[in-house]
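Given the structure is predicted, the values throughout are model-derived calculations rather than measurements. Note that these values count all heavy atoms, side chains included, but never hydrogens, waters or copies made by symmetry. We count ligands from 1, going down the list as the structure has it; atoms in each ligand are counted the same way.
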Amino acid sequence: MDFTFAGHTDVGRTRARNEDALLLLPLRGLAAVADGMGGHAAGDVASRIAVDVLDDRTRDLGPDVAAELAEAVRAAHAAIVKAAGADPELQGMGTTLTALRVDSDGGAVIVHVGDSRAYRWRGDALEQLTRDQTWVQDQVEAGTLSEERARTHPFSSILTGALGIEDQEIEVQVVEPGCEPGDTFLLCSDGLIARLPDDEILAVLRDRGDDLDATARALVDAANEAGGPDNITVALVRAEANG
Ligand code: CA
């Protein structure tokens with residue numbers, strides 16, 4: 001199987017800075033999105049450390065890719081905690097991290113902490129593969145909040161899991177969804193989904209067809225046209241049969 005990668009990150013319409021980070025390493029089958037948070041410039045420091053540590057720790061992957069990716073996420077957490085402890089200006093910074101690694105045999109591994117998301121578009125369906133580590137998601141699963149209300153809830157940005165928060169045990173979600181020719185994976189920060197329900201994302205994906213780069217830009221444009229309330233980051237990975 002061959003893979004095409006594309007991605008785009010944008011500050012959005014209301015924020016002064018872009019604290020998201022995007023990692024695309026097609027030759028290594030790796031893509032990641034991180035959404036940083038913190039005062040001053042700390043959010044972009046946290047998201048940058050997360051993708052840098054992930055990059056660094058996954059150069060020579062052994063047979064147990066899932067375990068090594070999860071370990072890389074834990075190393076990123078430790079690196080952010082350490083950096084925050086060394087500089088008062090960076091105290092309290094944190095980040096989400098959602099990463100995908102694909103290989104030509106059809107293996108796909110996703111590791112995830114926070115409220116960025118991974119989806120797989122297959123056939124006519126867009127399936128969310130990650131679970132949002134948020135207060136509102138807990139309420140949805142408890143049956144006290146509808147999914148529609150959760151998306152626009154004033155507490156929708158409260159995370160129950162993030163990298164960099166000292167003394168907080170992180171729970172790394174690992175998903176191994178498999179991969180077939182024709183599948184397209186989408187990783188995104190919450191700025192894409194804040195105003196765009198899944199059916200509108202699917203409409204943009206369908207509309208753009210084969211041009212993956214144009215599709216990534218079109219998704220960002222759609223989020224901006226819907227108000228662009230936050231930084232928007234999109235990574236797309238499409239699987240195709242060889243030759
Ligand atoms: Ca965000």
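If you look at Asp35 and ask which of its N, O or S atoms sits nearest the Ca ion (ligand 1), the answer is OD2.
Among the backbone and side-chain atoms of Asp230, an N, O or S atom lies under 3.0 Å from the Ca ion (ligand 1). Taking 3.0 Å as the threshold, Asp190 counts as a candidate ligand of the Ca ion (ligand 1), since one of its N, O or S atoms lies below it.
A salt bridge links Arg48 to Asp52: at least one charged side-chain nitrogen sits closer than 4.0 Å to a carboxylate oxygen. For Glu180 and Arg122, the salt-bridge test passes: some basic side-chain N is under 4.0 Å from an acidic carboxylate O.
When all heavy atoms of Glu240 and Pro181 are compared, the closest pair comes out as C-CB, 4.2 Å.
Screening Leu22, Asn18, Asp35 for a side-chain contact (heavy atoms from CB on, under 4.5 Å) with Ser189, the sole residue that qualifies is Asp35.
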